[in-house]
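Report on the structure given below.
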Amino acid sequence: MEPNQVDILLIEDNPQEAELTIRSLKKHNLANKLLHIDDGAEGLDFIFSKGKYAGNTSFRQPKLILLDLKLPKIDGLEILREIKSNEMTKHVPVAILTSSKEEKDIIESYKLGVNSYIVKPVNFESFTKAVAELGLYWLLLNQSPDLPK
Amino acid sequence: MKHFSTNNLLVAGIAVVLVAVALILMLSMRQSRRVKTTVALLDHTEEVLNEIQHVITISLDNETGARGYVITGSESFLAPLQRSEKDFRTAIAALQQLVSDNPHQLQWLDSLEAAINSRIIFSDSLVQSRKKSGLPATVTMVESGVGKRATENIRRIGNEIEKIEKNLLAQRKKTNDNSIKTLNQLLYIVLAAAILLGAFVVRRIRNDWNRQKASEQQFVELLDAAPDATVMVNDQGLIKRVNKQMKNLFGYSKDEISGQPVELLIPGEVRAKHIEHRHHFIKAPKIRTMGAGIELKAVKKNGTLFPVEISLSPIQTTEGLWVAASIRDITQRKQNEALIKKQKEEIQDFIDSMSTLCAKVSTSGHLLMVNKIAVQATGLSLEELLGTSFINGHWWTYDTKVHARVAAAFQKACSGVPVNYDECIFVFNQVLPINFSLIPIFTTTGEVDYIVAEGRDISSLKLTEAALQKQTEGLEKANKELEAFTYSVSHDLRAPLRIIDGYADILVEDYKDKLDEEATRIMGIIQTNAQRMGQLIDDLLNLSHTGRKELLHHPTDMNMLVKSVVDEQLSTATRPAVFHLEDLEPANCDSSLIRQVWINLVSNALKYSAKANHPEITIQSTREKGQFVYAIKDNGVGFDMKYAEKLFGVFQRLHKQAEFEGTGIGLALVNRIITKHNGKVWAVSEPGKGASFFFSLPV
């Protein structure tokens, strides 16, 4: 996959969680241009064209970032903050996909400017449905701004 | 006339009366003299008139005598003739004497005398003629009329003199009468004046006398009206006069006590001493109270003693030096004093029984009253403390800052603001935290009269506070840990479950053809249970979350709430049920939590009546004293009351999972929410006859 054609960026450390998510998206043909990064720091590097992904001149911003909250080392909210406070990246839709229903997480996320907050249902069927709807909405229905160069 | 004293007036009056009497006497004497004069005058005139008549008669006699002799020549007629001559002379002499004071009359008298003389002469000549010449010659003489003329003259002059005399008389009489009248008038005037004056003086005297009588009366009444008994004692110690109160106070009537020695009213044992005192007093009398500083007692007629207050005044009377004693019965006052003393002691006992330090402090900072505990706290004695300055009392200060604060607080209280604050002071031989209350007490005019200071030993309170603080901190820590736990549970437990469920699904999907019926069934079980666990976790989380949440009360329209819940539940219900929604009382509650309650109750009602033929659910409310009771009744499967206690337990179920699915959390949640509202939940049922669930909310 070419790094400059990422529609969905999935930052999730748990491989099984990731697999389930991707499977759900795949079912609806939304996983074509999906990039999975299993490390929060790496995810940021990708977004800001740093570290491993430095020097990516023709990088195109993803249409949607799926973010898990409970990530090792760098917290999901921290990543959210980074994305949403940077002029270059703050316009990118970020959907938090998490098991946590904690009110304080929800509030904090929206304070930081999250575009969506989805609580992952235990029931896989429901989960699949939710992810599909999420993907369909942000990729097809929602109009993203033209990406700055 | 007022400024003349009655005495003077009396003297003047008497003097005037005497003068009047003298005047009257004088006038009367004058009067009688006048009257005498009138009589004299009358006599005088009568005499004159008589004499004149006499003269006329004499002249007639003379004429008759002469004529008689002329006619008869008898010597018998000569005697009257001679006599008449003599009478003439006497009469003239008398007349001369009578009218000697009147020259006019004297002149006439001369004329009369002349006329008489001519008569006499003629008569004599007639006699001579007869004697000598005989009758006819004398008749010729008679016929000449000289004699007649002389008699006529005498008569005429006599009449004239009479007239004059009568005039004179009239004149003199008139003068006399006038004088008499004048005197009379004077008499009357003087008499009238005397009478008037007399009447005036008498009236004045009578008024004075009345006034004196009245003031006497007033004096007696005043004496009687006095609330205290008044006893007047003479210098021999005998009671001369008492007022009405004597009877009321001592029981003696005025008559009984008059003349008795005053010692009769004094208790036996002090009588001798009293006599001594009396003598001293008479020697040096002055107004004073008796027995200063001693408890005086008097004795009534019936022998009972009673406490008195006596004041003495010396009075100078016509009968010598008297002493007026005013005796007041102070039994009531003594009783009041005793009562006040008793009340004071009671108050002292009361404040002594208090467990807080209590003191009454003057605005100048001096201790007016101190209770027992406070005395003990200082380590000093009550005598040492009373009256001393609280502010300057070094027995409680140990630090200048503390002292300054307390002094400032005291000043604030003195300005009329109640003060309450905590301070550490030195009491009971140690530094203790004391909660001070300084309350200013005001007078009726709004000024600060004194301060009530109360000190409460709060050291134990502080310990409790400290312990409580520690406990709270512990609890908070525990709470935080719980929160962290919940957080991790919500995250960490759910995720694996999802994955289990997810992969099981993948397995079923991707290896559909490779799995037989049994394998599929087993997978189903795995999935179901994973989901169930997820549900349990969610319910648990919900329950703990609700338990920790703060209630947000606001007025809630129960009808609207229930209606929306019912509509919601019906939309997802397996079987529709008929709902009877009665008018529900609105309540003040956390509507989102109560909504949760209704959701659980309604879904339960639907669930457990789904098997009934005609599922019917009724929701109603009643108002009982102090609370609203809401009820939901279904005609479903019901439950056995034997297990009613378990209804609201966590994960407790009264039906098998196969019959009715559920986690057993729903009612526990309802219970938690309603309990948080200070309400109660309970249920009534009979197997097969439906169930009724009730919850109450306070008004």
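Just so we're on the same page: letters track the sequence lines, and every chain starts at 1.
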Separation between CZ of A:Phe124 and CD of B:Gln527, rounded to the nearest 0.5 Å: 9.0 Å

Distance in Å, B:Arg532 CZ paired with A:Asn123 CG, rounded so as to fall on 0.5 Å steps: 14.5 Å

Whether over 12 other heavy atoms sit under 6.0 Å from B:Lys563 NZ: no

Step-by-step side chain to side chain contact (heavy atoms under 4.5 Å, CB included) determination, A:Val122 to B:Ile537: CA-CA 10 Å; A:Val122 172; B:Ile537 292 170; over 6 Å; no

More than 12 heavy atoms from other groups under 6.0 Å of CD on B:Glu473: yes

Under 4.5 Å from any heavy atom of chain A - which part of B:Ala504: neither

Minimum side-chain heavy-atom gap B:Gln531-A:Glu125 below 4.5 Å: no

Side chain proximity check, A:Leu20 to B:Ile506, heavy atoms < 4.5 angstrom: yes

Atom NZ of A:Lys26 with >12 non-hydrogen neighbours under 6.0 angstrom: no

Over 12 foreign heavy atoms within 6.0 Å of NZ, B:Lys680: no

Worked check of side chain to side chain contact (heavy atoms under 4.5 Å, CB included) between B:Arg494 and A:Thr98: CA-CA 10 Å; B:Arg494 278 221 210 90; A:Thr98 182; over 6 Å; no

A:Phe127 six-ring centre to B:Arg498 NZ/CZ under 6.0 Å and within 45° of normal: yes

OH (A:Tyr110) with more than 12 external heavy atoms under 6.0 Å: yes

Approximate separation, where rounding is to 0.5 Å, of A:Thr128 OG1 and B:Asp505 CG: 6.5 Å

